There are 2 protein chains.
Amino acid sequence: MGATKTEHFTDRQNKIAVLAKALGHPARIAIIEYLMKVNECICGDIVNELPLAQPTVSQHLKELKNAGIIKGNIEGNAVCYCLDEKNIAVLNTYFSDILQKVSKAKCC
Amino acid sequence: MGATKTEHFTDRQNKIAVLAKALGHPARIAIIEYLMKVNECICGDIVNELPLAQPTVSQHLKELKNAGIIKGNIEGNAVCYCLDEKNIAVLNTYFSDILQKVSKAKCC
DNA sequence: GTTTAATATTGCAATATTACGATTAATGTT
DNA sequence: AACATTAATCGTAATATTGCAATATTAAAC
């Protein structure tokens, strides 16, 4: 085994899991926080900011992009990255809903 | 390699990553959604609900508990699980803050 | 068209995750 | 005490992730 049994879960459950998984690494959280600060930037800026090699940063950016957390626009020979509002809103709504439910009912 | 370089990131970044990572699997999302529905339950209930074996469910519960997403209270020979409001609130605030920042400034 | 700059991709080693059968531990029931 | 119930742990196979050096790709600049 070792492979996630995605086929047993709903598309929505898989979608949320993909988004959350993309955020499940401190380097990717750091990238997001940097993007929050500077609004938009290129890969090289992040390489200068983080203690990781360029291929590693590039890989993290790819995962964030595949999950839909960030967008990348080609600008000449560089790529301009920024946060993708839509999917962050999806997560925000998701956690708001959970919190609302949870806060209503205490447990064991 | 293969190990995350947690020491290069802040405690807060690592904390958020741990919480997000715990949610980065559809089975764990399904567990959370089930807990939202029934408010509290024991491991066996989830085993009946999901297409996964008991040890697998137990392992997922352990990860959710270690991350602080759920709480587990011993009740006789069973363990009563429920969502942990506090850390879900942490995530909710985190994504609200990101969304607020992002919605203010369009990018490339 | 050659050089430069910015990223992406490839290949690989180290480590982590996922899943489950078998077993164990702990409490409840008879 | 013997047995049943519930869940955790152990062991292990399959797969995924992380990180980087080396290389490839792409587009600007000269």
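All values reported here derive from a predicted model rather than from experimental measurement. Letters A, B, ... mirror the listed sequences (proteins, then strands); counts begin at 1.
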How close or far is atom P of dA16(D) from atom CD of Gln59(A), stated in whole angstroms?
-> 14 Å

Phosphate-side-chain proximity, His60(B) and dA19(C), N/O vs OP1/OP2 below 4.0 Å = yes

Spell out protein contact along nucleotides 22-30 of chain C as letters: B when the base is contacted, S when just the sugar-phosphate is, - when no protein heavy atom is under 4.0 Å; keep the 5' to 3' order.
-> B----BS--

Keeping to residues at least two apart or across chains, list the ring pair (Phe, Tyr, Trp, His ring centres under 6.0 Å) pairs with something in residues 33-58 of chain B.
-> none

Please list every donor-acceptor pair under 3.5 Å in which a side-chain atom of residues 37-58 of chain A meets a protein atom from a residue at least two apart or in another chain.
| from | atom 1 | to | atom 2 | distance (Å) |
| --- | --- | --- | --- | --- |
| Glu40(A) | OE1 | Cys108(B) | N | 3.0 |
| Asp45(A) | OD2 | Ile42(A) | N | 3.2 |
| Asn48(A) | ND2 | Gly44(A) | O | 3.3 |

Give a yes/no on whether any side-chain N or O of Tyr81(B) is located under 4.0 angstrom from OP1 or OP2 of dA8(D).
-> yes

Can you list every pair that meets ring pair (Phe, Tyr, Trp, His ring centres under 6.0 Å) and has a residue in residues 38-86 of chain B, with sequence neighbours left out?
-> His25(B)-His60(B)

Ignoring backbone atoms, test whether Thr56(A) places a side-chain nitrogen or oxygen under 4.0 Å from the OP1 or OP2 oxygen of dC20(D).
-> yes

Reckon Leu52(A) touches a base, only the sugar-phosphate, or nothing at all at heavy-atom distances under 4.0 Å?
-> sugar-phosphate

At their closest point, which heavy atom of Pro26(A) faces which heavy atom of Ala17(B), and how far apart are they?
-> N-CB, 3.4 Å

Audit row: Leu61(A), Ile70(A), side chain to side chain contact (heavy atoms under 4.5 Å, CB included) steps and yes/no = CA-CA 8 Å; Leu61(A) 286 170; Ile70(A) 63 173; 3.7 Å; yes

Rounded to the nearest Å, what distance is computed from the CD1 atom of residue Ile70(A) to the P atom of nucleotide dT7(C)?
-> 12 Å

Presence of Ser58(A) side-chain N/O under 4.0 Å of dA8(C) phosphate oxygens OP1/OP2 | yes

Could you grab the distance from atom CG of Leu64(A) to atom CD1 of Ile31(A), nearest 0.5 Å is fine?
-> 5.5 Å

Grab the CG-C1' distance between Leu61(A) and dG19(D) for me, whole Å please.
-> 14 Å

So, is Lys62(B) close to the dT9(D) phosphate, meaning a side-chain N or O under 4.0 Å from OP1 or OP2?
-> yes

Qualifying salt bridge (Lys or Arg N to Asp or Glu O under 4.0 Å) pairs, either residue in residues 55-84 of chain B, two or more places apart = Arg28(B)-Glu63(B)

Let me see the working for Leu23(A) and Ile69(A) under side chain to side chain contact (heavy atoms under 4.5 Å, CB included), right down to the final yes or no.
-> CA-CA 9 Å; Leu23(A) 299 174; Ile69(A) 302 284; 4.2 Å; yes

Under 4.0 Å from any atom of DNA chain D, heavy atoms only: list the residues of residues 7-34 of chain B that qualify, in numerical order.
-> none

Return the residues of residues 37-49 of chain B meeting this criterion: a heavy atom under 4.0 Å from some atom of DNA chain D. Order them by number, or give none.
-> Ile42(B), Cys43(B), Gly44(B)

CD1 on Ile74(A) to SG on Cys80(A), rounded to 0.5 Å | 11.5 Å

Name every donor-acceptor pair, under 3.5 Å, that has one atom in a side chain of residues 86-104 of chain B and the other anywhere in the protein, sequence neighbours excluded.
| from | atom 1 | to | atom 2 | distance (Å) |
| --- | --- | --- | --- | --- |
| Asn87(B) | OD1 | Lys15(B) | NZ | 3.0 |
| Asn87(B) | ND2 | Gly68(B) | O | 3.0 |
| Asn92(B) | OD1 | Ser96(A) | N | 3.3 |
| Asn92(B) | OD1 | Ser96(A) | OG | 3.0 |
| Thr93(B) | OG1 | Ala89(B) | O | 2.9 |
| Tyr94(B) | OH | Glu33(A) | OE2 | 2.6 |
| Ser96(B) | OG | Asn92(A) | OD1 | 3.1 |
| Ser96(B) | OG | Asn92(B) | O | 2.9 |
| Ser103(B) | OG | Leu99(B) | O | 3.0 |
| Ser103(B) | OG | Gln100(B) | O | 3.0 |

Treat each ILVMFWY residue as a node, draw an edge where side-chain heavy atoms are under 4.5 Å apart, and state whether Val18(B) and Ile29(A) are in one component.
-> no

